[in-house]
Amino acid sequence: MKKKALLYEGKAKALYETSDPSLLWVVYKNQATAGNGAKKEMIAGKGKLNNQITSELFDALKEEGINSHFVKQLSETEQLIQKVDMFKLEVVVRNIAAGSFSKRLGIEKGRVLPFPLVEYYLKEDALDDPIINEDHIKILDLATQEELAEISRQALLINRALTELFASLDIRLVDFKLEFGKTEDETIVLADEISPDTCRLWDANTNDSLDKDIFRNDLGDIIPLYEEILKRLKQR
Ligand code: TMP
């Protein structure tokens, strides 16, 4: 397999074509951003940690019967993935109040929600990724009702599997963001990444953040936290 032309470069990853048209080559970058790119920094070692953590989590989900676009880890910073047609949606699942949910609705951070909440956001940087509902999704033609039902079903299954996995590592899965895509045969699969950049993870004993909130809120170095997540995942 050979890495070919750059297809797309995002804030945290670059995607390349390969000699196989059905496969893409992902390079995880060290760039960290917050507030839709308002805060931007290079953090040495972040790319390799997120690549390894995402690879571990996609493997763990596969063991639970949940498929993703992940094919294999190629190197410390690279993955081979299936090429999928991405939905222009960010799917957030919340178990505990935090972040924009707490801020928008005035609910104190840390309150355990009575059931997992699934939210949808339009993936559009120019509009700051606004929150949308199922009717917006239908009107904007972002997914059909059946596709959305499948996305939400998978998001909740992923939440159950990851909540259990992290609990076994003494970590509370507060909330996280997922993205989905469609394969050539129209199967809906989990895509993008699952890492401390895209999840809120709190230490079960101290409730300390082990995720990107530390960068977002200028509270210190994220690398030791991401290393701690990877270390615990490797012990599973
Ligand atoms: P929020 O509380 O800021 O809406 O974030 C909810 C979760 O989604 C949190 O775990 C961080 C993740 N997230 C992303 O991965 N990318 C984003 O662009 C945003 C806004 C949130």
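Just follow the structure's listing: the first ligand is 1, and inside any ligand the first atom is 1.
Protein heavy atom nearest atom 20 (C) of ligand 1, with residue, atom name and distance: Glu90 OE1, 4.8 Å. What sits closest to atom 11 (C) of ligand 1 on the protein, heavy atoms only, is Arg216 NH2, 3.5 Å. Among protein heavy atoms, the minimum distance from atom 8 (O) of ligand 1 is reached at Lys177 CB, 3.5 Å. Counting only heavy atoms of the protein, atom 5 (O) of ligand 1 lies nearest to Arg200 NH1, 3.6 Å.
The Cys199 neighbourhood of ligand 1 comprises atoms 10 (O), with distances under 4.0 Å to a heavy atom of that residue. Under a 4.0 Å criterion applied to the non-hydrogen atoms of Gly99, ligand 1 contributes the atoms 2 (O). The ligand atoms of ligand 1 that sit less than 4.0 angstrom from a heavy atom of Phe176 are 10 (O). Near Arg94, meaning under 4.0 Å from any of its heavy atoms, are these atoms of ligand 1: 1 (P), 2 (O), 4 (O), 6 (C).
For Lys39, the NZ atom is densely surrounded, since the number of other residues' heavy atoms within 6.0 Å is greater than 12. Within a 6.0 Å sphere centred on NZ of Lys48, heavy atoms belonging to other residues, nucleotides or ligands number 12 at most.
Checked against a 6.0 Å centroid threshold, the rings of His136 and Tyr120 do not count as neighbours.
Salt-bridge check for Glu64 with Lys62: failed, with every basic side-chain N at 4.0 Å or more from each acidic carboxylate O. Using a 4.0 Å cut-off between charged side-chain N and carboxylate O, Lys3 and Glu17 make no salt bridge. Of the charged side-chain nitrogens involved, none lies within less than 4.0 Å of a carboxylate oxygen, so that Lys72 and Asp59 do not count as a salt-bridged pair.
With distances taken over non-hydrogen atoms, the option nearest atom 9 (C) of ligand 1 out of Asp128, Asp175, Thr33 is Asp175.
Counting heavy atoms under 4.0 Å from ligand 1, residue Ser100 touches it through both backbone and side chain.
The main-chain N or O of Thr77 is found under 3.5 Å from a side-chain atom of Ser75 such that the two form a donor-acceptor pair.
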